[in-house]
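In this chain, numbering begins with 1 at the start of the sequence shown. Since this is a predicted model, take the numbers as computed values, not measurements. Atoms considered below: every heavy atom in the structure, side chains included; atoms not considered: hydrogens, waters and symmetry mates.
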Amino acid sequence: MKKKRFYNNKKRNEKWTEQPQGRKISFADKYIDSGSGSDKYDKRRAKEKKPFFTRERFEAFLKNAVVVIGCFLIICVGYTVMDLYIERKAMPIAPSSDDVVADMNNVSLVLQCDRIEPMAMDGGVMLSAVMDEINDKGYTSVAFDLKRDDGTIGYDSGLATIDMYGAESSPAGDIGKSISEFLANDILPVGRISCYKDNVAASGDLTAGITINNKLYMDSDGNTYLNPDSQTTYNYIKGIIEEVKGMGVTVFILDNCDLPEDISGNYKDGFKILAEKLYNDFGSDIRLVEGVSVTISSDNAKAIQREWEEKTKDISGDNIIFNITAKDKNKVKDYLDNHSNINYSITE
């Protein structure tokens, strides 16, 4: 018996099968790998070799090189600026309160001094105002006259020679307490001494003053001078340093160490000769720097720069401090802090 079929071909493609989908099969379909569209025989085909250093690769390499070099320069400049800032803003080494004496001869000092009148060192209200200004303006130290250009003494001294000459004038109210306050607040006190230019002691003791034909020598401005070759002169300067050193001052500015040109060759004057004698007596307990006076009359940045460069172009040395009298000391300080790493004291 013939079995009955469950379906026949009468209505093929109409009833039992799905509608055709997709596209028609083409000859190239045999190269298609699992429908991914990649040619599995592509790796066997001969390909055109491209040069390694193409324009695109060169431009990419150049761009990366510029970025690396730029980063390197930024890091180098950053570290350099940081070192300069730290060096300028670092506080100079000051003696500690436990009587530990530093070797001051070997200390690298950066003196950025606000130069004040000795009368401001009263240990009270005036001193507080001075300290506020020092902190606000960014000074690291303070300079004050122990012996002024005219020979007067700016502190209350117990030296017999000063009393004999009557040299004391408008002294500091309490120099000892003021020095202690400076040190306690990390402010280095610096004493300035006008060494040979002196209108008081020179006339008060002719054995100490420079005389010509038994008459006191005077320069064109009427100033008299102490004799650098006189032991009396040396002991006078040494006594001032020794007395103030006992109050805590270890850095001293020796100013007016050179005599006028018309008599300089006749005496052993100059900073180096005097400093050598003092170091022989005090050793490494003190530090001496040579003062150079400069007046800046300009009050704008460009003019200050021109005037400064003109007046200091022939002056050099690691052991020099510029005693500056300025029309606008804040602008002069800004210029010095931004352009030079030098020692200075400024007053208006």
Ring pair (Phe, Tyr, Trp, His ring centres under 6.0 Å) between Tyr236 and Tyr165, worked out: CA-CA 11 Å; Tyr236 187 41; Tyr165 299 148; 5.3 Å; yes
Verdict with reasoning, Ile321 to Cys113, per side-chain contact (heavy atoms from CB on, under 4.5 Å): CA-CA 10 Å; Ile321 183 170; Cys113 304; 4.3 Å; yes
Worked verdict on Arg192 versus Asp255 for salt bridge (Lys or Arg N to Asp or Glu O under 4.0 Å): CA-CA 7 Å; Arg192 175 183 173 272; Asp255 210 345; 3.0 Å; yes
Test log, rule side-chain contact (heavy atoms from CB on, under 4.5 Å), inputs Ile346 and Arg115: CA-CA 5 Å; Ile346 306 180; Arg115 185 174 169 185; 6.0 Å; no
Leu254/Leu278 under side-chain contact (heavy atoms from CB on, under 4.5 Å): CA gap, chis, key distance, verdict: CA-CA 11 Å; Leu254 301 185; Leu278 292 170; 3.9 Å; yes
Check against side-chain contact (heavy atoms from CB on, under 4.5 Å), Ile75 and Leu73: CA-CA 5 Å; Ile75 293 173; Leu73 291 176; over 6 Å; no
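Side chain of Thr211 to backbone of Leu216: no donor-acceptor contact under 3.5 angstrom is found. Of the possible polar contacts, none joining the Lys137 side chain to the Asn330 backbone as a donor-acceptor pair under 3.5 Å is found. Of the possible donor and acceptor atoms, none in the side chain of Asp150 sits under 3.5 Å from a partner among the backbone N and O of Val200. Listed for the Glu348 side chain is a donor-acceptor partner under 3.5 Å among the backbone atoms of Lys329. At least one donor-acceptor pair under 3.5 Å links the side chain of Ser128 to the backbone N or O of Gly124. A donor-acceptor pair under 3.5 Å is formed between the side chain of Lys331 and the backbone N or O of Asp299. For the pair Asp219 (side chain) and Asp221 (backbone), a donor-acceptor distance under 3.5 Å is present. Side chain of Asn199 to backbone of Thr224: a donor-acceptor contact under 3.5 angstrom is found. No donor-acceptor pair closer than 3.5 Å links the side chain of Ser293 to the backbone N or O of Ile324. Within the 3.5 Å criterion, the main-chain N or O of Leu111 finds a donor-acceptor partner in the side chain of Asn343.
With Tyr344 as the aromatic partner, Lys333 does not meet the cation-pi criteria of under 6.0 angstrom to the ring centre and within 45 degrees of the ring axis.
Inter-residue side-chain proximity for Phe182 and Leu188 is flagged as unmet; no heavy-atom pair is nearer than 4.5 Å. At least one side-chain heavy atom of Val294 sits less than 4.5 Å from a side-chain heavy atom of Thr312. Between Pro228 and Leu274, the closest side-chain pair of non-hydrogen atoms is not below 4.5 Å. Proximity of Ile212 to Asn266: side-chain heavy atoms (C-beta onward) are nowhere separated by under 4.5 Å. The shortest distance between side-chain heavy atoms of Met121 and Pro189 does not fall below 4.5 Å. At a threshold of 4.5 Å between non-hydrogen side-chain atoms, the residues Ile253 and Ile193 do not count as touching.
Here Glu309 does not pair with Arg306 in a salt bridge; the nearest charged N to carboxylate O distance is not below 4.0 Å. Ion pairing of Lys268 with Asp229 is absent here, as no side-chain N (NZ or NE/NH1/NH2) approaches a carboxylate O to less than 4.0 Å. Between Lys147 and Asp198 a salt bridge is recorded (basic side-chain N to carboxylate O distance below 4.0 Å).
Atom CG of residue Leu159 and atom NZ of residue Lys238 lie 12.0 Å apart, to the nearest 0.5 angstrom. The distance from atom CD1 of Ile241 to atom OG1 of Thr250, rounded to the nearest 0.5 Å, is 11.5 Å. How far OG1 of Thr295 is from NZ of Lys327: 13.5 Å, rounded to the nearest 0.5 Å. Between the CG atom of Asp205 and the CE atom of Met164 there is a distance of 5.5 Å, given to the nearest 0.5 Å. Once rounded to the nearest 0.5 Å, the distance linking CD of Glu242 with CG of Asp285 reads 10.5 Å. Asp328 CG to Asn300 CG: the interatomic distance, rounded to the nearest 0.5 Å, is 10.0 Å.
When all heavy atoms of Met126 and Met119 are compared, the closest pair comes out as CE-O, 3.7 Å. Taking all atoms of both residues into account, the shortest heavy-atom contact from Leu288 to Tyr279 is N-OH, 2.9 Å. For the residue pair Asp269 and Ser264, the shortest heavy atom distance occurs at OD2-OG, 3.0 Å. A pairwise comparison of heavy atoms in Glu307 and Ile296 identifies OE2-CA, 3.5 Å as the closest pair. The two residues Thr232 and Ala208 come nearest to each other via the heavy atoms CG2-CB, 3.9 Å. Looking at every heavy atom in both residues, Ala326 comes nearest to Val332 through CB-CG2, 3.7 Å.
Aromatic ring pairs are classed by plane angle as parallel below 30°, tilted from 30° to 60° and perpendicular above 60°; the pair Tyr225 and Tyr217 is tilted.
There is no path of hydrophobic side-chain contacts, each under 4.5 Å, that joins Met218 to Ile210. Residues Ile315 and Ile342 fall within the same hydrophobic cluster, defined by Ile, Leu, Val, Met, Phe, Trp and Tyr side chains chained together at heavy-atom separations under 4.5 Å. In the hydrophobic clustering of ILVMFWY residues, with side-chain heavy atoms under 4.5 Å counting as a link, Ile116 and Val125 come out apart.
Aromatic ring centres of Tyr267 and Tyr196 lie farther apart than the 6.0 Å criterion allows. Phe322 has its ring centre less than 6.0 Å from the ring centre of Trp308.
Heavy-atom contacts from other residues, nucleotides or ligands closer than 6.0 Å to CD of Gln305 number more than 12. Enclosure of atom NZ in Lys177 is not indicated, since only 12 or fewer non-hydrogen atoms of other residues, nucleotides or ligands lie within 6.0 angstrom. Heavy-atom neighbours of Glu261 CD from other residues, nucleotides or ligands within 6.0 Å: at or below the threshold of 12. By the 6.0 Å contact criterion, CD on Glu117 is open, its count of non-hydrogen atoms from other residues, nucleotides or ligands being 12 or less.
At a cut-off of 3.5 Å, with distance as the only test, a side-chain donor of Ser194 or Asn256 sits close to an acceptor on the other residue. Using modelled atom types, one finds a donor on one side chain and an acceptor on the other under 3.5 Å when comparing Asn235 with Gln231. Judged purely by distance below 3.5 Å, without hydrogens or angles, the side chains of Ser141 and Gln112 never pair a donor atom with an acceptor atom. If you check the side chains of Asp281 and Tyr234, you find a donor sitting under 3.5 Å from an acceptor. Of the N and O atoms on the side chains of Glu243 and Ser157, at least one donor lies less than 3.5 Å from an acceptor on the other residue. For Asn323 and Ser345, the side-chain atoms include at least one donor-acceptor pair closer than 3.5 Å.
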